[in-house]
Amino acid sequence: MSYEFILTETRGRVGLVTLNRPQAMNALNNKLILELMDALETFDNDNGIGAMVVTGNEKAFAAGADIKEMADKSVTEMMDRDHVAAFGRILKIQKPVIAAVSGYALGGGCEIAMSCDMIVASESAKFGQPEITIGVIPGAGGTQRLTRAVGKAIAMEMILNNRTLSAQEALQFGLVNRVVPNERYLDEALKLADEIASRPPVAVRVAKKMINQAYERTLTDALHVERQEFYNLFATEDQKEGMKAFVEKRKPEWKGK
Ligand code: DAK
């Protein structure tokens, strides 16, 4: 499928989605969001893909939802818009998604990055939730995901007073996995995705799901589900192969089943 505001390609077992609206700092208009979700779902359904990377350009990952598109909307128009529901579709992606962020990741851009499973940042990445400056609050998870990631004190400053985090601060506060020089951030994210894509796919999928459950369930309940999921993996060929390969001192060959 061809898209207007994103580019897609595959690199081995990694699906790469590049937000491609550079003249507008990759502002997330309705169509771009729908295209992004469609691309991620297509990769998620492709057995040849084991992990995905979402990136922008060096200057902007995404500077938020498209303010020009939103400015005159009524409450009902906002609630009816496709992209509102579409934002949630990223949370249903089962394979790992890594955000490779350089430049601005603001508002909905920061929220998309935080909805990914890991963030690789360039040295010039900037994270912020500036919605307060245009009279609103984050609406796609910012008040919740940011608070869980960086803690209440920093989240309060960012959301109430438009504090922007540098890449190093984002690393220090636990928002990103690693910070790498500008010329290497995408390669680093692709390498990480490639490594994860070489792991047993069913176990990777279950592990991602269980980590995300840490924010949804009580500890007792989640530990119970984790144990059950662990047992369930003994029904996979990959568990047999992984343990046999260890005993035989060789590299496992994963089947993804
Ligand atoms: N929307 C529309 N256009 C944008 C944009 C945005 N968010 N950000 C930048 N642009 C456009 C600029 O208008 C400009 O266009 P032209 O004037 O050339 O036509 C072009 O991109 C270049 O931007 P600048 O000239 O401003 O470039 P600078 O380097 O001077 O500044 C900047 C870059 C990123 C600091 C600045 O552009 C900026 O502050 N942008 C706005 C950042 C912002 O406020 N973002 C938050 C938007 S609100 C929800 C889902 C999502 C959301 C809410 C709910 N649901 C599912 C319920 C999300 C809300 C938001 O993100």
Side-chain angles (χ1 to χ4, degrees), residues 4-6 17-41 54-93 97 99-116 119 121-150 154-167 169-170 175-176 182 185 212 215:
E4 185 179 354
F5 295 120
I6 64 167
V17 183
T18 305
L19 310 183
N20 188 33
R21 216 190 153 203
Q23 71 290 354
M25 298 276 167
N26 286 336
L28 307 164
N29 64 14
N30 199 13
K31 188 154 189 232
L32 188 156
I33 287 292
L34 291 171
E35 289 182 354
L36 169 63
M37 298 307 158
D38 184 79
L40 291 175
E41 286 166 1
V54 178
T55 195
N57 55 60
E58 195 172 325
K59 207 163 170 212
F61 177 73
D66 189 326
I67 300 169
K68 294 167 190 167
E69 195 181 60
M70 276 190 300
D72 295 325
K73 295 280 187 279
S74 67
V75 175
T76 40
E77 281 171 328
M78 280 304 288
M79 287 173 72
D80 283 348
R81 289 172 80 210
D82 282 351
H83 99 271
V84 172
F87 253 84
R89 282 160 56 189
I90 194 169
L91 306 175
K92 301 213 162 69
I93 301 295
V97 185
V101 175
S102 186
Y104 298 109
L106 303 179
C110 188
E111 289 169 313
I112 290 282
M114 290 191 293
S115 298
C116 295
I119 303 177
S122 82
E123 281 168 342
S124 66
K126 295 178 234 351
F127 297 87
Q129 298 286 165
E131 288 88 344
I132 203 82
T133 66
I134 52 170
V136 290
I137 65 167
T143 62
Q144 304 306 301
R145 284 207 179 79
L146 188 67
T147 307
R148 284 178 159 101
V150 305
I154 302 299
M156 284 282 184
E157 259 192 274
M158 291 176 72
I159 294 172
L160 272 55
N161 201 28
N162 192 24
R163 174 171 173 187
T164 301
L165 296 188
S166 68
E169 287 173 319
L175 182 60
V176 307
N182 281 18
Y185 76 98
N212 284 324
Y215 294 116

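In each ligand, atom 1 is the first atom listed, and ligand 1 is the first ligand listed. Bear in mind that the values here come from a model prediction, so they are computed numbers and not experimental data.
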*Asks:* Purely on distance, is any nitrogen or oxygen of G108 under 3.5 Å from one on ligand 1?
*Replies:*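 Such a contact does occur with ligand 1.
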
*Asks:* Would you mind listing which atoms of ligand 1 come within a distance below 4.0 Å of any non-hydrogen atom of D66?
*Replies:*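 It comes down to these atoms of ligand 1: 1 (N), 2 (C).
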
*Asks:* Just by distance, do the side chain of D66 and the backbone of L28 share a donor-acceptor pair under 3.5 Å?
*Replies:*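 No: the side chain of D66 does not pair with the backbone of L28.
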
*Asks:* Among all the protein's non-hydrogen atoms, which is closest to atom 55 (N) of ligand 1, and how far away is it?
*Replies:*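 Here the closest protein heavy atom is G139 O, 3.5 Å.
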
*Asks:* Indicate yes or no: does an N/O atom of P130 lie under 3.5 Å from an N/O atom of ligand 1?
*Replies:*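 No: no nitrogen or oxygen of P130 is under 3.5 Å from one in ligand 1.
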
*Asks:* Among protein heavy atoms, which sits nearest to atom 60 (C) of ligand 1, and what does the distance come to when rounded to 0.1 Å?
*Replies:*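 Ranked first by proximity to atom 60 (C) of ligand 1 is A65 N, 3.4 Å.
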
*Asks:* Using 0.5 Å steps for rounding, measure from the NZ atom of K31 to the CG atom of D38.
*Replies:*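 Going from the NZ atom of K31 to the CG atom of D38 covers 11.0 Å.
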
*Asks:* Tell me, which protein residue and heavy-atom name are nearest atom 28 (P) of ligand 1, and how many Å apart are they?
*Replies:*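 Checking every protein heavy atom, the shortest distance to atom 28 (P) of ligand 1 gives M25 CE, 4.2 Å.
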
*Asks:* Kindly say whether Y185 contributes a backbone atom to a donor-acceptor pair with the side chain of S122 at under 3.5 angstrom?
*Replies:*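 No, S122 side chain to Y185 backbone: no donor-acceptor pair under 3.5 Å.
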
*Asks:* Starting at CG of L36, measure out to CG of N20 and round the result to the nearest 0.5 Å.
*Replies:*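 L36 atom CG to N20 atom CG measures 12.5 Å (nearest 0.5 Å).
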
*Asks:* Got a salt bridge between E169 and R163, using NZ or NE/NH1/NH2 to carboxylate O under 4.0 Å?
*Replies:*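 A salt bridge is present here (some side-chain N lies under 4.0 Å from a carboxylate O).
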
*Asks:* Would you call M78 a ligand 1 contact, heavy-atom distance under 4.0 Å?
*Replies:*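 Outside the 4.0 Å threshold, so no.
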
*Asks:* Looking only at atom types and distance, does a side-chain atom of E35 sit under 3.5 Å from a main-chain N or O of F5, one as donor and one as acceptor?
*Replies:*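 Indeed, once roles are kept as given, a pair shorter than 3.5 Å links the two residues.
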
*Asks:* Would you mind listing which atoms of ligand 1 come within a distance below 4.0 Å of any non-hydrogen atom of A140?
*Replies:*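 Counting from 1, the qualifying ligand atoms are 49 (C), 50 (C), 51 (C).
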
*Asks:* Starting from atom 39 (O) of ligand 1, what is the nearest protein heavy atom, named by residue and atom, and what distance separates them?
*Replies:*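 The protein heavy atom lying closest is L106 CD1, 4.6 Å.
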
*Asks:* So does K59 have more than 12 non-hydrogen atoms from other groups sitting under 6.0 Å from NZ?
*Replies:*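 Not more than 12 within 6.0 Å, no.
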
*Asks:* Report the part of Q23 in contact with ligand 1, treating N, CA, C, O as backbone and CB onward as side chain, heavy atoms under 4.0 Å; options are side chain, backbone, both, neither.
*Replies:*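 For Q23, only backbone atoms sit under 4.0 Å from ligand 1.
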
*Asks:* For the backbone of E58 and the side chain of N182, can you confirm whether one donor and one acceptor N or O come within less than 3.5 Å of each other?
*Replies:*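 Answer holds: no.
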
*Asks:* To which protein heavy atom is atom 12 (C) of ligand 1 closest, and what is the distance rounded to 0.1 Å?
*Replies:*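 For this ligand atom, the closest protein heavy atom is K68 NZ, 3.9 Å.
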
*Asks:* Can you tell which part of I134 has a heavy atom less than 4.0 Å from ligand 1: side chain, backbone, both or neither?
*Replies:*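 Contact part for I134 vs ligand 1: side chain (C-beta onward).
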
*Asks:* Within ligand 1, which atoms have a heavy atom of Y104 less than 4.0 Å away?
*Replies:*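 The list of qualifying atoms is 33 (C), 34 (C), 35 (C).
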
*Asks:* Which residue, R145, Q144, Q129, forms the side-chain contact (heavy atoms from CB on, under 4.5 Å) with E111?
*Replies:*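 Output: one option passes, namely Q129.
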
*Asks:* Considering only the protein, which heavy-atom contact is closest to atom 40 (N) of ligand 1, and what is its distance?
*Replies:*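 The answer is A63 CB, 4.3 Å.
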
*Asks:* Hey, could you give me the CD1/CE distance between I134 and M70, rounded to the nearest 0.5 Å?
*Replies:*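 Those atoms lie 5.0 Å apart.
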
*Asks:* Are I154 and L165 side-chain neighbours, meaning at least one heavy-atom pair lies under 4.5 Å?
*Replies:*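 Result yes, sub-4.5 Å side-chain heavy-atom pair found.
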
*Asks:* Does the protein place a non-hydrogen atom closer than 4.0 angstrom to atom 1 (N) of ligand 1?
*Replies:*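 Flag for atom 1 (N) of ligand 1 set to true, protein heavy atom closer than 4.0 Å.
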
*Asks:* What is the closest protein heavy atom to atom 10 (N) of ligand 1, and at what distance does it sit?
*Replies:*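 It is A24 O, 3.7 Å.
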
*Asks:* Does the protein put a heavy atom under 4.0 Å from atom 24 (P) of ligand 1?
*Replies:*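 Not a single protein heavy atom is under 4.0 Å away.
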
*Asks:* Starting from atom 51 (C) of ligand 1, locate the nearest protein heavy atom and write down its residue, its atom name and how far away it is, to 0.1 Å.
*Replies:*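 Heavy-atom neighbour on the protein nearest atom 51 (C) of ligand 1: F87 CZ, 3.5 Å.
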
